[in-house]
Q: 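Let me give you the structure first, and then I'll get to my questions.
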Amino acid sequence: MQNIILVTGAGKGIGRAIALAFAQAGRHNPDFDPLLILSSRTPADLESISLECRAEGAVTDTVAADIASMTDVKRLSDNVLKRYGTIDCLVNNAGVGRFKPLAEMTEDDYNHTMDTNLKGTFFLTQALFPAMERKRSGHIFFITSVAAEKAFKHSSLYCMSKFGQKGLVETMRLYARECNVRITEVLPGAVHTPMWGEVSENFQSLMMTPEDIAAPVVQAYLQPSRTTVEQIVLRPTGGDLQDS
Ligand SMILES: NC(=O)c1ccc[n+]([C@@H]2O[C@H](COP(=O)([O-])OP(=O)(O)OC[C@H]3O[C@@H](n4cnc5c(N)ncnc54)[C@H](OP(=O)(O)O)[C@@H]3O)[C@@H](O)[C@H]2O)c1
């Protein structure tokens, strides 16, 4: 039976690696047949990750959507539910961050961060959870961050949004346990992705790779449905990059 999996932010970084890891798992596991719905705002990124996943034998679909837009969230969720009638796995990965001192944060930075990380994640989850609730199965991943539990000085708005996502994770657990749906929070430390912009080779050598995050996500999904991996915390072995 096909597993209908939606990955947001699938065009770059961690989401891209998760999509590819699901596709590769399908190739190596005869009992796992992923149908990957890949979403982000940039169609060219979606086309290229879709081709990579298809090369691994996965069936793919792409939906360009901005989860900061309520219209797009509705279009994305309608697209999934009308085309496939259900969903097995939602990977809430799309996220943004602007990193600078507190005094330099603007209203635009606030809206940009909260509209994607909080509003988009909340309303997409709200739209798709009932399909899992009805069939009493499903799995929702939230890619939050170590910044959902720990403050970093240049990350005030990002930390607010990630602590906020954690509030949604914990609330969703209450609903999900009543209907056999699994909730996994993934808290990565520094991962070398486009989110960081240009980084020096030295800095890069201290970071994890997107594949380091993707592998345990797919392993958690492939656990027997009676078992939930509730939290995955992954840090660079040398610890967090900014500690003050
Ligand atoms: N990198 C890290 O060190 C790190 C650590 C902990 C947690 N995380 C979290 O991991 C997640 C992925 O981060 P990343 O590092 O992979 O970031 P990234 O390289 O910047 O990729 C983010 C992805 O999300 C998409 N996206 C951003 N805003 C969106 C929106 N409004 N609507 C739809 N798609 C959107 C981007 O594509 P488009 O721009 O084309 O839409 C892109 O595909 C985020 O939630 C981030 O907070 C990252």
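Computed from a predicted structure; not experimentally measured. Both ligands and their constituent atoms are indexed starting at 1 by order of listing. The residues of the chain are indexed from 1 along the displayed sequence. FYI, side chains are in, hydrogens and waters are out, and symmetry mates aren't considered; it's all heavy atoms of this structure.
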Q: Give a yes-or-no answer on whether the side chains of S69 and D66 include a donor-acceptor pair shorter than 3.5 Å.
A: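 Not at all, the side chains of S69 and D66 share no donor-acceptor pair under 3.5 Å.
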Q: Out of P194, A10, S145, S69, whose heavy atom sits nearest atom 19 (O) of ligand 1?
A: P194
Q: Students should be able to answer this: which protein heavy-atom is nearest to atom 28 (N) of ligand 1, and at what distance?
A: R41 NH2, 3.2 Å
Q: Could you walk me through whether Q165 and L118 pass the side chain to side chain contact (heavy atoms under 4.5 Å, CB included) check?
A: CA-CA 6 Å; Q165 283 188 339; L118 285 182; 4.1 Å; yes
Q: What atoms of ligand 1 come closer than 4.0 angstrom to any heavy atom of G13?
A: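 This gives 16 (O), 19 (O) as the contact atoms.
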Q: Would you call D88 and K135 a salt bridge, using N to O less than 4.0 angstrom?
A: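 So D88 pairs with K135 through a salt bridge.
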Q: F142 and V186: side chain to side chain contact (heavy atoms under 4.5 Å, CB included), yes or no, with the steps?
A: CA-CA 6 Å; F142 292 88; V186 184; over 6 Å; no
Q: Return yes when A65 approaches ligand 1 closer than 4.0 angstrom through a heavy atom, no otherwise.
A: yes
Q: Could you tell me which atoms of ligand 1, counted from 1 in the order shown, lie closer than 4.0 angstrom to a heavy atom of T42?
A: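 It comes down to these atoms of ligand 1: 38 (P), 40 (O).
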Q: Report the C-alpha distance between L6 and S39 in whole Å, list the side-chain angles of each, state the deciding distance to 0.1 Å, and finish with yes or no for side chain to side chain contact (heavy atoms under 4.5 Å, CB included).
A: CA-CA 7 Å; L6 169 61; S39 187; 4.1 Å; yes
Q: Does an N or O from K162, backbone or side chain, lie closer than 3.5 Å to an N or O of ligand 1?
A: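 Right, the criterion is met.
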Q: Looking at W196, which atoms of ligand 1 are within less than 4.0 Å of one of its heavy atoms?
A: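 Under 4.0 Å from W196, ligand 1 has these atoms: 1 (N), 2 (C), 3 (O).
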Q: May I ask you to list the atoms of ligand 1 that are less than 4.0 angstrom from any heavy atom of V96?
A: 27 (C), 28 (N)
Q: Please list the nearest protein heavy atom to atom 17 (O) of ligand 1 with its residue and the distance rounded to 0.1 Å.
A: M195 CB, 3.5 Å
Q: Please state which protein non-hydrogen atom is closest to atom 48 (C) of ligand 1 and give its distance, to 0.1 Å?
A: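 Heavy-atom neighbour on the protein nearest atom 48 (C) of ligand 1: I14 CD1, 3.7 Å.
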Q: Measuring from atom 10 (O) of ligand 1, which candidate in L46, V7, I143, V191 has the nearest non-hydrogen atom?
A: I143
Q: Test side chain to side chain contact (heavy atoms under 4.5 Å, CB included) on L187 and S145; report intermediate values, then the result.
A: CA-CA 4 Å; L187 301 89; S145 170; 5.9 Å; no
Q: Around atom 46 (C) of ligand 1, find the nearest protein heavy atom and jot down its residue, atom name and distance.
A: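 Here the nearest protein heavy atom works out to Y158 OH, 3.4 Å.
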Q: When clusters are formed by joining ILVMFWY residues with side-chain heavy atoms under 4.5 Å apart, either directly or through shared neighbours, do M105 and F99 land in the same one?
A: no
Q: Could you walk me through whether N92 and T125 pass side-chain hydrogen bond (donor to acceptor under 3.5 Å, both in side chains), step by step?
A: CA-CA 8 Å; N92 277 315; T125 304; 2.9 Å; yes
Q: Suppose we measure from atom 24 (O) of ligand 1 to each protein heavy atom; which comes out shortest, and what is that distance?
A: G9 CA, 3.2 Å
Q: Looking at D78 and R75, is there a salt bridge between them, counting it only when a charged N and a carboxylate O are closer than 4.0 Å?
A: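 D78 and R75: not salt-bridged.
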Q: Which of the atoms of ligand 1 are close to A190, meaning less than 4.0 Å from one of its heavy atoms?
A: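 Those of ligand 1 that fall under 4.0 Å from A190 are 3 (O).
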Q: Out of G15, A19, S40, who is nearest to atom 37 (O) of ligand 1 when you count heavy atoms only?
A: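 Closest candidate by heavy-atom distance is S40.
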Q: Can you tell me which residue and heavy atom of the protein come closest to atom 5 (C) of ligand 1, and the distance to 0.1 Å?
A: G189 O, 3.1 Å
Q: Is K162 paired with E149 through a side-chain N to carboxylate O contact shorter than 4.0 Å?
A: no
Q: Nearest protein heavy-atom contact for atom 45 (O) of ligand 1: which residue, which atom, what distance?
A: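 Here the nearest protein heavy atom works out to N93 O, 2.8 Å.
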Q: Using heavy-atom distances only, which candidate in A94, G11, G95 approaches atom 22 (C) of ligand 1 most closely?
A: G95
Q: Any atoms of ligand 1 less than 4.0 Å from a non-hydrogen atom of T144? List them with their elements.
A: 6 (C), 7 (C), 8 (N), 9 (C)
Q: Under a 4.0 Å N-O cut-off, is there an ion pair linking D109 with K100?
A: yes
Q: Between F152 and H154, is the ring centre distance below 6.0 Å?
A: no
Q: Which residue and atom name correspond to the protein heavy atom nearest atom 31 (N) of ligand 1, and how close is it?
A: D66 OD1, 2.8 Å
